[in-house]
Amino acid sequence: MPTPRPPTSRQAPLQHLPFLFKSIHRPSSSPTTNPIRLLKKSADTKNLKIGKVIHAHLITSSQASKNCDVFQTTSLINLYAKCDEISTARQLFDQMSERNIVSWSALMAGYLQNGLALEVLGLFKKMVSVDNLRPNEYVLATALSSCSISGRVEEGKQCHGYVLKSGLVFHQYVKNALVHMYSRCSDLEGAMQVLNTLPGYDVFSYNSVMDGLMELGYLKEALEVFGRMVGECNAWDNVTYRTLFGLSARLKDLKFGMHVHGQMLKSDLECDVFVGSAIIDMYGKCGNVLNARKVFDGLQNRNVVSWTALMAAYFQNGYFEEALHLLSKMELEDIMPNEYTFAVLLNSSAGLSALRLGDLLHACVEKSGFKDHTIVRNALVIMYSKTGNIKAANKVFTDMIYRDTVTWNAMISGYSHHGLGKEALIVFQDMLAAGVYPNYVTFVGVLAACAHLGLVREGLYYLNQLMKQMGVEPGLEHYTCIVGLLSRAGLLDEAKNFMRSAPVKWDVIAWRTLLNACHVHRNYGLGKQVAESVIFMDPHDVGTYVLLSNMYAKERRWDGVVKIRKLMRERNIKKEPGVSWLEIRNITHVFVSEDNKHPESSQIYEKVGELLAKIKPLGYVPNIASVLHDMEDEQKEDCVSYHSEKLAIAYGLLKTPSEAPIRVIKNLRMCDDCHSAAKLISKVTNRVIIVRDVNRFHHFQDGCCSCADYW
DNA sequence: CTAGGGTTAG
């Protein structure tokens, strides 16, 4: 949706030009009117038009002496370099018969500005070897900066040598450029060495080092450097604040962040868009959306980044609708979304499982000119996979030319969530073949895939060998995957022993994994033990009470069921109502178990009855064991018959064309009864039914589910 | 001639 932009930079009106000519022609040129000064002025103001006029004039009246020519041409180089006509600058430079150090530095600065760092370093080498010139502070700062942006430590160290030789180590700019170079090239020992051996560093050096440390994830160390800074330098600037907000965000340390914020308010530093966005980001990442909003509302000028930061704050805290809602408000202020904005929006629609909205955003992205940005493509993969359309996710993935770690991880874990373990492992192999290094997240997806496929040996090999080989430290999530892997394969004792022996502090999730396995494998003895300990760890885990009561029921131990029910009453634990929803055209229809609030309720109930009647001959038996209320079996059967996902599936069948897959989202774990019903319904209706429950996707097709009945 | 804001995979 590109709208024409109003002209922002005003060109100098043409009627001013005769005046310029006059001043050039004036016989004894005063300092303000000589052409070199005018060239500098037009370079500084990036006014190429006037600069070219002066250039033309110089050509037509070329009476200049040779020495004057060096200065003039250098000024012209500077002009073209600053005005982004670097090739013109280069032509002039190459035609010079004689050059001084300023000619070199002007051209180098131009290349640096255009991001052509390697060109700068090439020039630097030529300058010292061919022209035998000694680099000055300008050339050194430019060369060092080129090393910084291109990550060339080796060249940076050579520059360091020149710095020492020239005696410019004490020059503030050069020193800072040196510290910055080492920080950006991830050579923090180098940076610290410069910082420690030389006296007199300023905000700039500290900012650089803290930034470098943060980039590498050394958050504690950055905090230490900050402590040193507090003692030695109190002139904090915008960049310092931005860095500190970034640090508190990454540490998720709200207290520290608020402290810095308070400090900033006390100082009379003006809060620019950069710092403003950093504060919003900090509050968002520290979980305080309200403050993020407050800061945003207080900003005098906002740009795309401020808006995107606020959307991200909402997104990160689960307020997906609010994040999406901000788009139209932003556009009302005439601010266009960019690739980051689209990434947040897509992730928000993924969070809602809003397929229709995601499709819509995809269309916007295609039109926007940001469609080929990796972050946007990644967000598309995530969005399609989370909204249940794994095929579309893979389409986006395969069409991508450049893929980063996040891309591969998104596809691997996407497949894993959908129970497509084989596909996940193939993508993983491709990732290794492409030379991309797997990280922590990659292996979570890979191990989950192994668990789905029951590949015990492979899983253990990945954990014990490959991860070490790849330099990835296994964490709780990986160990939990192993628990899942073992118990899914029916090796419950091994899983239990693994939990006993592995050097980790297990959380409820791990125990619940084992518990679930006991339930599926009908090992109720161990299951009850595990459930007791889960309840001990988290007395409000409703799902566990339900499972425990289920297990008692399956053993026909009604005393146990009664005990659990009593316990739940005493602890005031209520079963969260089951809610399912699905999108039809662009409306989301929400169903709550056994409620008849939907306007077409009677048709839906009728349809459910019809479906259940159709699948009963195929072996469907209502599973009423999970019903916790006191009632007759017949009532219990009614109860499970009208679970929210059954209502949603029935509605989907009523309202969508016969070839379309039905996509349902449910807030809880899918129950046994609905699971077996859905399998048979997919068979008798010949439809693909995709249900996303709290943990995973179930693809029902032709009487089978992708989770292979283990979830 | 030295720096910098936002996003994501579990």
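In what follows, every chain begins at residue 1, and chains take the letters A, B, ... in the order their sequences are listed. What you are looking at is a predicted structure, and each value in this text was computed from that prediction instead of being measured.
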**Request:** Report yes or no: do A:Asn303 and A:Ser306 form a side-chain donor-acceptor pair below 3.5 Å?
**Result:** yes
Checklist entry - Are A:Tyr241 and A:Gln263 linked by a side-chain donor-acceptor pair shorter than 3.5 Å? => result no
Under a 4.0 Å heavy-atom cutoff, the residues of residues 311-329 of chain A touching DNA chain B are A:Ala312, A:Phe315, A:Gln316
Exercise for review: Please assess A:His261 against A:Tyr283 for the test ring pair (Phe, Tyr, Trp, His ring centres under 6.0 Å), listing each intermediate value before the final yes or no.
Suggested key: CA-CA 10 Å; A:His261 192 186; A:Tyr283 280 122; 5.6 Å; yes
(Q) Regarding A:Asp281, tell me which of base, sugar-phosphate or nothing describes its non-hydrogen contacts under 4.0 Å with the strands shown. (A) sugar-phosphate
Checking A:Asn176, A:Thr240, A:Asn238 against A:Asn207 for side chain to side chain contact (heavy atoms under 4.5 Å, CB included), the one that qualifies is A:Thr240
Would you say A:Asn338 and A:Thr341 are linked by a side-chain donor-acceptor pair, where the criterion is simply a distance under 3.5 Å?
yes
Result for side chain to side chain contact (heavy atoms under 4.5 Å, CB included) between A:Leu213 and one of A:Leu223, A:Leu247, A:Val225, A:Thr243 points to A:Val225
Which part of the nucleic acid, if any, lies within reach of A:Asn347 when heavy atoms closer than 4.0 Å are counted: base, sugar-phosphate only, or nothing?
-> sugar-phosphate
Open item on the list: Mind checking if A:Ile375 touches a base, just sugar-phosphate, or nothing, with heavy atoms under 4.0 Å?
Closed with: base
Any base atoms under 4.0 Å from A:Asp237, or only sugar-phosphate, or nothing? Heavy atoms, all strands. base
Open item on the list: Counting the atoms with a prime plus P, OP1 and OP2 as sugar-phosphate, which does A:Asn338 contact under 4.0 Å by heavy atoms, base, sugar-phosphate, or nothing?
Closed with: base
Taken in chain and number order and not counting sequence neighbours, the residues that satisfy salt bridge (Lys or Arg N to Asp or Glu O under 4.0 Å) with A:Glu232 are A:Arg228
Polar contact flag, side-chain donor to acceptor under 3.5 angstrom, A:Asn100-A:Ser103: yes
Students should find that the nucleotides of DNA chain B closing off the region near chain A, any atom under 4.0 angstrom from a heavy atom, are B:dC1 to B:dG10
Check your understanding: So what does A:Ser208 hit on the nucleic acid, given a heavy-atom distance under 4.0 Å: a base, only sugar-phosphate, or nothing?
Key -> nothing
Residues passing the ring-ring contact (aromatic ring centres under 6.0 Å, His included) test with A:Trp711, sequence neighbours excluded, are A:His675, A:His698
Here the residues of residues 398-414 of chain A within 4.0 Å heavy-atom distance, strictly under, of DNA chain B are A:Val406, A:Asn409, A:Ser413
May I ask you to check whether A:His325 and A:Tyr314 show a side-chain donor-acceptor distance below 3.5 Å? no
Residues passing the salt bridge (Lys or Arg N to Asp or Glu O under 4.0 Å) test with A:Glu215, sequence neighbours excluded, are none
